[in-house]
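Right, one structure below, let's go through it.
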Amino acid sequence: MKQLLISFLIITAGGCRLPAAEVINVVPLPAQFRVSGEPFILNASTRLLHGSGSGSSETAGLLADQLRMVTGFPIATGLYESGTTATNAITLTTDGADTALGEEGYELICSAQHIVVRAPREAGLFYGTQTLRQLLPPQVESRTTSTVAMQWQVPGVRIWDRPRFGYRGFMLDSSRYLQSEEFVRRTIDLMAYHKLNRFHWHLTDDPGWRLEIKKYPKLTSVGAWREQHGGYGGFFTQDQVRSIVAYAAQRQITVIPEIEMPGHSAAAVASYPQITCDPVPDAAATKVGGGINTYCPGKPETFEFIENTLTEVLDLFPSAVIHIGGDECSKERWKVCPRCQAVMQRESLASEEALQSWFTGKVAAFLRSKGRRLMGWNEIMQGGSLPKDAIVHQWNDDEASIKAARAGNDVVVSRAAWTYFDHAWDRESLTGLHNLLKIQGVGEPEKTGYGITPLRRVYESDPVPPGLTPAEAAHILGEQAQLWTELRATDAAADQYIWPRLVALAEASWSPREKLDWKGFTNRLKSAHFERLALRGLGNASTGSDTIVQSLTLRSGFED
Ligand code: TNX
C-alpha cells in the first residue's frame, strides 16, 4: 500500500494557514491524502477520457454532463489509450490500479497537467469522480450554466481512498407514508454523492403495500390504501421500480427490497385474508400502528403466496440480498390457530418463536435456491436455528450484534438510539414530535420511545461492538441509518429528518475510524458542503440555497 499520507500537513492558502483536511473539503474524508503542487484548471479544451467498460463510460458520462452544464465547456469524451498520459484531460482508468484499493477504492492524482482517477473496479472510478466534484468549487453542483466568470480549479492533490465498511446504507420507509419517485431518485443521488452503497427500501408494512405484484393485484388495489388519513395511499409500479433500480445501479447503489413477513403484514392479509390464521377481512387492518393479523405459517397457501410474490421481487431487484423484515411479529393468533399448533407439533417446535424461526428457515431456503441471501431484523434470531447465511439486521443494542457475530452470522448494524432518523435531532424537534403524536392520538408521547439523536451522535457511532475477536468483528458488514415515516407525511418533512444526519453516517462508515474528527467535519460542512447540498436541490429549491444552508446548520447543533 502506498503511503501518501502526511498526517499533520499544514498548507498555506491565501495567507492563512489551514489544516489540509479543510482544503480537501471532501465528505466522507478520504483515507489518505496529500496536498501538493499546482492546481488543475478546467478550460474549453479539457477532455474526459475513460476505459472501454460500460460502467466506465456511464460514470464518465455522468461527470461530463454535469461539467458541461455548469462550465459551458464542450468537455469532449473519448477512450483512454493504455500507457499514455493525456494532458489537459481527466482520465478514468483501471490500468495499473493498486489492487489493495479493493472493490470500491480509488486513487486520484491531480496536477496542473492532468487529473487521473485510477481504480481496480468501476465502483472505485465512480467514487473517484464524486471526490473530484467535491474538489471543485461548490458551484459545480448548480443546475444551470454559471453566469459569473468562474475559475474551475482542482487543487494539486494525491488521494488514496477506500472504505472502512463494504456496507454503507440508508433505509427509507415508503409504507407508512409514500414518497414521490423524484424524491427517491434525489435521495439515491445524494447517497451516491456521499459514497453510500445500499438503499434498503421498506416497501411493505401494516399501513400500506407499495409494490405492484402482477399475480396479486389486490395488494395494490386494496393493500395500498387505508381508510385512515382520508383514504391515503399509492404504490410504485414495476416499471417505476425497474427504472429506479437501474438509476441506483449507475450510481453504484444496490437496492435491497424489504418485503415484511410474517409480522407487519396487515396490508397483505387485508388484501388476501386466506393467508392469515383467521380469514376474516379486517377493513381497518391497514393503518399506521398495525395489528395482530400476520401471515399464517400453518397454511401451504401462505408459502405459495410468498414464493410467487418473491419470484416477482427477485425479477425486479438483482440484489444478492433480500430483506424479509421479521421484526415485532405478534404471536397472538398463532397461539390459538389449530394449523400453527399442528405445525409446531409436527416439527417439534417448543414455542411460537421457534415457529417463526422455522418459517424464516423455509423462506431462506427458497431464496437460497434462487441464489439469493436472506436478511432480517434481529428478531429472526429468536427461536434459534437461524441459517448461517442469513444476515442479521441489528436494530437494538450491541448485545444482538455480539450474539449474531459469535454465531457466525453477518451483521448490519442499525441501532435505534444512534441511527434512527425518525428520532428528533434536538430538544425542540422532540417537542415537535410529541405534539404530532398528540395530534394523531397515537399513545402517550413520552412512552413511544422517541429520543434525541443529534448529528454528533451519528458521527460518533461505531457499529463494531467492543470485545469481539478480529474474526468475529469481520462479520460486522457495516452500518445503516433508517427513516421510518409514521410521522413524516411529506417529502419535505422526510428531508428534514434525513439531512444532514446521513452525511455523518456516510463519513462514519467510510473514513478510517482514527481519522474521524468532529471539529474538522463540521468545518467542512460549514465551509462548503452544505452549500453543495443546497445546490443539488436538497429541500425546497424555491426557498433558495441560503435558507437551505441555514436550516441544515440549525439541525446540526453546532455550538457556535
Ligand atoms: C420499530 S425497527 C420498528 C418500525 C418502527 C420504528 C419507529 C423495526 C425493525 N421496527 O416498524 O417504524 O420502530 O421508530
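In each ligand, atom 1 is the first atom listed, and ligand 1 is the first ligand listed.
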**Message:** Would the distance check show the side chain of Thr276 and the main-chain N or O of Thr294 forming a donor-acceptor pair, the cut-off being under 3.5 Å?
**Reply:** yes
**Message:** Can you report which non-hydrogen protein atom sits closest to atom 3 (C) of ligand 1, along with the distance?
**Reply:** Glu328 OE1, 3.6 Å
**For Asp315, the option from Lys370, Arg242, Lys215, Arg372 that meets salt bridge (charged side-chain N to carboxylate O under 4.0 Å, His left out)** = Arg242
**Prompt:** Does at least one non-hydrogen atom of His264 fall below 4.0 angstrom from an atom of ligand 1?
**Reply:** yes
**Item:** Location of contacts on Arg176 toward ligand 1, heavy atoms closer than 4.0 Å
**Value:** side chain
**Item:** Arg555 NZ/CZ over Trp499 ring centroid, <6.0 Å and within 45° of normal
**Value:** no
**Prompt:** Does any N/O atom on Trp377 come nearer than 3.5 Å to any N/O atom on ligand 1?
**Reply:** no
**Request:** Kindly indicate whether a cation-pi arrangement holds for Arg226 with Tyr177, taking the cut-offs as under 6.0 Å to the six-membered ring centre and within 45° of the axis.
**Result:** yes
**Message:** To check your reading of the model: name the closest protein heavy atom to atom 2 (S) of ligand 1, its residue, and the distance in Å.
**Reply:** Tyr420 OH, 2.4 Å
**Message:** Taking 4.0 angstrom as the limit and counting only heavy atoms of Glu486, give me the atoms of ligand 1 inside it, by number and element.
**Reply:** 5 (C), 7 (C), 12 (O)
**Those atoms of ligand 1 less than 4.0 Å from some heavy atom in Asp422** = 7 (C), 14 (O)
**Complete:** among protein heavy atoms, the one nearest atom 8 (C) of ligand 1 is Asp327 OD2, 3.3 Å
**Request:** Answer yes or no: is there a donor N or O on one side and an acceptor on the other, between the side chain of Thr522 and the main chain of Lys519, under 3.5 Å?
**Result:** yes
**Asked** Do the numbers put Arg251 on top of the ring of Tyr247, so that NZ or CZ is under 6.0 Å from the six-membered ring centre and no more than 45° off the axis?
**Response** yes
